[in-house]
Amino acid sequence: MPALKEAGIKVIHKCTSVRHSLKAEKIGCDAVSVDGFECGGHPGEDDIPNMILLPRAAEELSIPFVASGGMGNGKQLAAALALGADGINMGTRFIATKEAPVHQNVKDALIKATELDTRLIMRPLRNTERVLNNPAVEKIIALEQGKGQGLTIEDIKELVAGVYPKVMMEGDMDSGAWSCGMVAGLIHDIPTCQELIDRIMSEATEIINSRLKAFVA
Ligand SMILES: Cc1cc2nc3c(=O)[nH]c(=O)nc-3n(C[C@H](O)[C@H](O)[C@H](O)COP(=O)(O)O)c2cc1C
């Protein structure tokens, strides 16, 4: 951390819990990205969704934080700000943009998916990952159920390791497990990043200026 600070680098640490966020604050991070249970990828093992995690982070943290996990539109930005965050971070949503350097099949899969289509894998290994369901993921879940707490990474390695080039570059969507958040249910198009951010900002602004103002009028 001192070397980063001396070089003038701002450090934003990603955390899935309040206790880890506090640790990040203690060791000198400038900000944290607080990742709720909805997130694509590794949500940790506490399973606290952002409706609780963000206001809890706001109760405890002194450094700024952005809301992460499930974020994809202006309603959610307005909500995240109301819950105490200073902004949002988006993972899954940015994959479904024109600029994202991934195969078109990945973008199409995100548009087709609903909020019901993600699964949690590797929980017995305490390395839980939220992924888009596919036949490979169903095989992993069956193996996990069969082996129970006796599961080792060797049992599922082929279905989780080295999968990204096949999925993201070759568009072989069923070759293994790949991270995807519940926000897939809110992804209905493939805008440019500029269009996406402009839309999120104008939707959030409209909500804050009209809907929320009307609430207190
Ligand atoms: C395809 C994909 C790959 C990811 N890879 C990583 C990774 O290598 N390391 C990491 O810390 N987080 C990774 N994440 C998680 C993101 O950094 C971020 O925390 C998450 O996407 C936020 O949730 P959202 O997808 O609902 O926006 C990945 C997410 C996705 C969707």
Side-chain angles (χ1 to χ4, degrees), residues 12-21 23-24 32-54 57 66-72 76 88-96 100-103 105-187:
I12 306 175
H13 189 54
K14 173 187 155 179
C15 304
T16 60
S17 69
V18 174
R19 65 188 183 285
H20 294 157
S21 303
K23 176 72 182 184
V32 279
S33 178
V34 176
D35 241 23
F37 184 51
E38 306 90 333
C39 73
H42 296 269
E45 307 303 321
D46 294 343
D47 302 354
I48 308 297
N50 270 333
M51 192 59 83
I52 302 298
L53 187 61
L54 298 175
V66 291
S68 178
M71 299 297 154
Q76 296 169 303
I88 59 172
N89 170 50
M90 301 187 297
T92 302
R93 175 64 264 204
F94 269 130
I95 300 174
V102 301
H103 197 283
N105 289 355
V106 180
K107 302 180 189 188
D108 293 343
L110 290 175
I111 289 187
K112 194 166 155 237
T114 77
E115 65 277 18
L116 302 175
D117 292 330
T118 70
R119 298 288 181 271
L120 295 174
I121 59 168
M122 294 193 282
R123 178 130 280 184
L125 303 176
R126 290 189 62 78
N127 186 30
T128 302
E129 181 182 5
R130 185 178 298 285
V131 297
L132 191 68
N133 196 22
N134 64 24
V137 167
E138 280 168 9
K139 200 168 161 191
I140 293 167
I141 291 170
L143 279 164
E144 289 179 349
Q145 285 168 350
K147 300 256 173 181
Q149 291 303 317
L151 185 86
T152 71
I153 188 67
E154 292 303 322
D155 296 317
I156 56 168
K157 199 166 91 182
E158 265 181 35
L159 298 163
V160 294
V163 167
Y164 275 84
K166 286 185 222 152
V167 173
M168 297 294 171
M169 299 294 115
E170 294 164 32
D172 180 1
M173 302 313 296
D174 294 340
S175 56
W178 57 280
S179 294
C180 174
M182 288 179 170
V183 70
L186 291 169
I187 295 176

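Computed from a prediction, not measured in an experiment: that's the story for all the values here.
Partners of A57 by side chain to side chain contact (heavy atoms under 4.5 Å, CB included), not counting sequence neighbours, listed by chain and number: V34, L61, F65. Qualifying side chain to side chain contact (heavy atoms under 4.5 Å, CB included) partners for V66, counting only residues two or more places apart in sequence or in other chains: S33, N89. With sequence neighbours left out, R119 forms a side-chain hydrogen bond (donor to acceptor under 3.5 Å, both in side chains) with no residue at all. For the salt bridge (Lys or Arg N to Asp or Glu O under 4.0 Å) test, no residue two or more places apart in sequence or in another chain qualifies with D174. Taking the side-chain hydrogen bond (donor to acceptor under 3.5 Å, both in side chains) definition, one finds that T118 meets it with R130, sequence neighbours left out. Every residue two or more places apart in sequence or in another chain that forms a side chain to side chain contact (heavy atoms under 4.5 Å, CB included) with V102 is listed here: I95, A100, V106, K107, M168. In terms of the side chain to side chain contact (heavy atoms under 4.5 Å, CB included) criterion, residue partners of I153 (sequence neighbours excluded) are, by chain and number, M122, L125, I156, V160. In terms of the side-chain hydrogen bond (donor to acceptor under 3.5 Å, both in side chains) criterion, residue partners of D46 (sequence neighbours excluded) are, by chain and number, R19. Taking S17 as the reference, H20 meet the side-chain hydrogen bond (donor to acceptor under 3.5 Å, both in side chains) condition, with sequence neighbours excluded.
Minimum heavy-atom separation, N105 to G171: ND2-O, 2.8 Å. Considering every non-hydrogen atom in both A24 and H13, the closest pair reads CB-CD2, 3.9 Å. Of all the heavy atoms in S175 and A136, the pair that sits closest is C-CB, 4.3 Å. When all heavy atoms of V131 and A177 are compared, the closest pair comes out as CG1-CB, 4.0 Å. Among all heavy-atom pairs drawn from P124 and G148, the shortest one is CB-O, 3.9 Å. In plain terms, the two heavy atoms of G181 and T92 that are nearest each other are N-OG1, 2.9 Å.
D117 places none of its side-chain heavy atoms less than 4.5 Å from the side chain of C180. Side-chain contact between E38 and N50 is present, with at least one heavy-atom pair separated by less than 4.5 Å. Taking 4.5 Å as the limit, some side-chain heavy atom of M173 sits within range of a side-chain heavy atom of V167.
To the nearest 0.5 Å, atom CG of residue L159 and atom CD1 of residue I121 are 8.5 Å apart. Between atom CG of residue D35 and atom CG of residue L53 there is a gap of 8.5 Å, rounded to the nearest 0.5 Å. Put simply, CG on L143 and OG1 on T152 are 10.0 Å apart, with the number rounded to the nearest 0.5 Å. The structure places OG1 of T114 at 10.0 Å from CE of M182, a figure rounded to the nearest 0.5 Å. Here the OG-NZ distance, from S21 to K14, works out to 12.0 Å after rounding to the nearest 0.5 Å. Rounding to the nearest 0.5 angstrom, the gap separating the CD atom in E129 from the SG atom in C39 is 10.0 Å.
Residues in residues 143-170 take part in these salt bridge (Lys or Arg N to Asp or Glu O under 4.0 Å) pairs, two or more places apart or across chains: K147-D155, E154-K157. Sorted by first and then second residue, the pairs that involve residues 131-141 and meet side chain to side chain donor-acceptor pair (under 3.5 Å), not counting sequence neighbours, are N133-E138.
The local environment of CD1 in I12 is sparse, with at most 12 non-hydrogen atoms from other residues, nucleotides or ligands closer than 6.0 Å. Sparse packing is recorded around CE of M51, with 12 or fewer heavy atoms of other residues, nucleotides or ligands lying under 6.0 Å away.
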Under the side-chain contact (heavy atoms from CB on, under 4.5 Å) rule, what do N127 and H42 come out as? Steps first, then yes or no, please.
-> CA-CA 7 Å; N127 186 30; H42 296 269; 3.2 Å; yes
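The backbone N or O of T128 sits less than 3.5 Å from a side-chain atom of E45, completing a donor-acceptor pair. In this structure a side-chain-to-backbone donor-acceptor pair under 3.5 Å is missing from R123 to R126.
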